[in-house]
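This is a predicted model, so every value here is computed, not measured. Chain A is the first sequence line, chain B the second, and so forth, proteins listed ahead of strands; every chain is numbered from 1.
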There are 2 protein chains.
Amino acid sequence: MNIQFKKGVLELCVLALLEEKDYYGYELVNEISKNLDISEGTIYPLLARLRSEKYVTTYLKESQEGPPRKYYELTSTGKSVLKELKEEWFQFTDSVNRILKGRMLND
Amino acid sequence: MNIQFKKGVLELCVLALLEEKDYYGYELVNEISKNLDISEGTIYPLLARLRSEKYVTTYLKESQEGPPRKYYELTSTGKSVLKELKEEWFQFTDSVNRILKGRMLND
DNA sequence: ACATATATCTTGCTATACAAGGTACTAAAT
DNA sequence: ATTTAGTACCTTGTATAGCAAGATATATGT
């Protein structure tokens with residue numbers, strides 16, 4: 001899978017998942033991995049950044065299956081960033097597809 | 001416009017345009033700019049890379065309106081890379097949209 | 001001579017993803 | 001008891017690609 005395509009998009013995916021419910025990091029890796037390749041070395045720094053930018057808050061919760069889980073919860077800032085990012089994403093892909101599809105008639 | 005989203009995608013756009021006809025760099029900037037923000041500081045290094053990777057060849061042609069133009073022409077390698085990149089792009093955006101749209105019912 | 005549009009390219013910077021590794025807890029198998 | 005495997009967190013160093021800002025040079029009009 002093309003690594004470059006993911007730049008910036010994983011942030012969008014994480015925020016979108018967090019809109020549904022709170023996730024912990026390891027769980028996000030598993031959930032996103034159903035659709036996209038993603039590694040832990042990517043997600044944890046990303047989550048740290050989202051927290052430092054106040055898009056999410058965190059809380060710890062113990063687990064029966066291993067060490068405590070750090071859950072991530074979307075803030076209202078995070079929600080509005082998500083909305084904006086989502087719009088940008090759809091607009092961006094439309095623009096790209098306009099460039100590609102204008103020339104796809106003979107593909 | 002989100003800079004990160006463009007990572008890797010501009011290469012795809014350039015190759016897609018070159019499938020239609022030969023372009024020179026400045027012309028590519030103008031053409032792509034109809035849909036996406038792109039700067040010359042991005043396109044020229046990208047074109048140099050495409051050439052070094054043998055996805056394109058170049059030739060010079062004089063112009064009446066300014067200095068000589070360097071035209072870029074797709075190689076057969078470039079064509080197969082384009083085909084692959086295009087497939088990856090559509091698969092990638094589908095995957096992302098699956099993550100986003102599974103949770104958009106109440107947007 | 002000067003400004004504008006055309007056309008090329010380079011330098012230094014930034015952002016994000018990844019591989020590879022480390023830490024630690026729990027439960028099951030040896 | 002010890003090891004293994006699964007869960008769960010994190011960090012370090014590297015690579016890549018885009019951008020702003022600038023340099024260079026040609027052609028045309030003022």
Quiz item: Rounded to the nearest Å, what distance is computed from the OH atom of residue A:Tyr72 to the C1' atom of nucleotide D:dC9?
Solution: 8 Å
Self-check item: Closest to side chain of A:Leu10, choosing from D:dT7, C:dC18, D:dC19
Solution: C:dC18
Practice problem: Looking at every strand, decide which applies to B:Gln64 at a 4.0 Å heavy-atom threshold: base, sugar-phosphate, or nothing. | Solution: sugar-phosphate
Quiz item: The side chain of B:Pro67 lies closest to which of these nucleotides: D:dA8, C:dA7, C:dA17?
Solution: C:dA7
Quiz item: Does CD belonging to A:Gln91 count more than 12 external heavy atoms closer than 6.0 Å?
Solution: no
Exercise. Decide if the gap between the ring center of B:Tyr23 and the ring center of B:Tyr72 is smaller than 6.0 angstrom.
Key: no
Quiz item: Considering heavy-atom distances to DNA chain C, does A:Gly66 or A:Val9 have its closest nucleotide positioned more toward the 5' end?
Solution: A:Val9
Practice problem: Name the nucleic acid region contacted by B:Gly41, choosing base, sugar-phosphate or nothing; use a 4.0 angstrom heavy-atom cut-off, strictly under. | Solution: base
Exercise. Test for a donor-acceptor pair under 3.5 Å between the base of C:dC25 and the side chain of A:Glu65, counting only N and O atoms.
Key: no
Practice problem: Using a heavy-atom cut-off of under 4.0 Å over every strand shown, decide if A:Asp37 touches base, sugar-phosphate, or nothing. | Solution: sugar-phosphate
Quiz item: Between B:Arg49 and D:dA17, is there a side-chain N or O to OP1/OP2 distance below 4.0 Å?
Solution: yes
Exercise. Let me know the distance between OH of A:Tyr44 and C1' of C:dG22, rounded to the nearest Å.
Key: 13 Å
Exercise. Find the distance B:Leu50:CG to D:dA17:C1' and express it as a whole number of Å.
Key: 12 Å
Quiz item: Phosphate oxygens OP1/OP2 of C:dT8: is one of them under 4.0 Å from a side-chain N or O of B:Tyr26?
Solution: no
Self-check item: Length of the line joining A:Leu60:CG and C:dA24:P, which is rounded to integer Å
Solution: 16 Å
Practice problem: Counting heavy atoms from C-beta on, name the nucleotide in C:dT10, D:dC9, C:dC9 closest to the side chain of A:Glu40. | Solution: D:dC9
Self-check item: C:dA7 phosphate, OP1 or OP2, under 4.0 Å from B:Ser63 side-chain N/O
Solution: yes
Quiz item: How is A:Lys70 classified with respect to the nucleic acid when contacts are heavy atoms under 4.0 Å: base, sugar-phosphate, or nothing?
Solution: sugar-phosphate
Exercise. Round to a whole Å and report the spacing from CD of A:Gln4 to P of C:dT16.
Key: 13 Å
Quiz prompt | Connected via hydrophobic side-chain network under 4.5 Å: B:Ile3 and B:Ile38 | solution = no
Quiz item: Considering only side-chain heavy atoms of B:Arg69, which listed nucleotide, D:dC10, C:dA7, D:dT11, is closest?
Solution: C:dA7
Quiz item: Does a side chain donor of either B:Asn2 or A:Trp89 reach within less than 3.5 Å of an acceptor in the other side chain?
Solution: no
Self-check item: Atom pair distance, as rounded to whole Å: CD1 in A:Ile43 and P in C:dC18
Solution: 9 Å
Exercise. Mind calculating the distance between CE (A:Met1) and P (C:dT16) to the nearest angstrom?
Key: 19 Å
Exercise. Decide if atom NZ of B:Lys54 counts as having more than 12 heavy atoms of other residues, nucleotides or ligands within a radius under 6.0 Å.
Key: no
Practice problem: By nearest nucleotide on DNA chain D, pick out whichever of A:Tyr71 and B:Pro45 is the more 5' one. | Solution: A:Tyr71
Quiz item: Can you tell me how far P of C:dT8 sits from OH of B:Tyr24, to the nearest Å?
Solution: 7 Å
Quiz item: Crowded around B:Glu73 CD? As in, over 12 foreign heavy atoms under 6.0 Å?
Solution: yes
Quiz item: Among the nucleotides C:dT6, D:dC19, C:dC18, which one has an atom lying closest to any side-chain atom of A:Lys6?
Solution: C:dC18
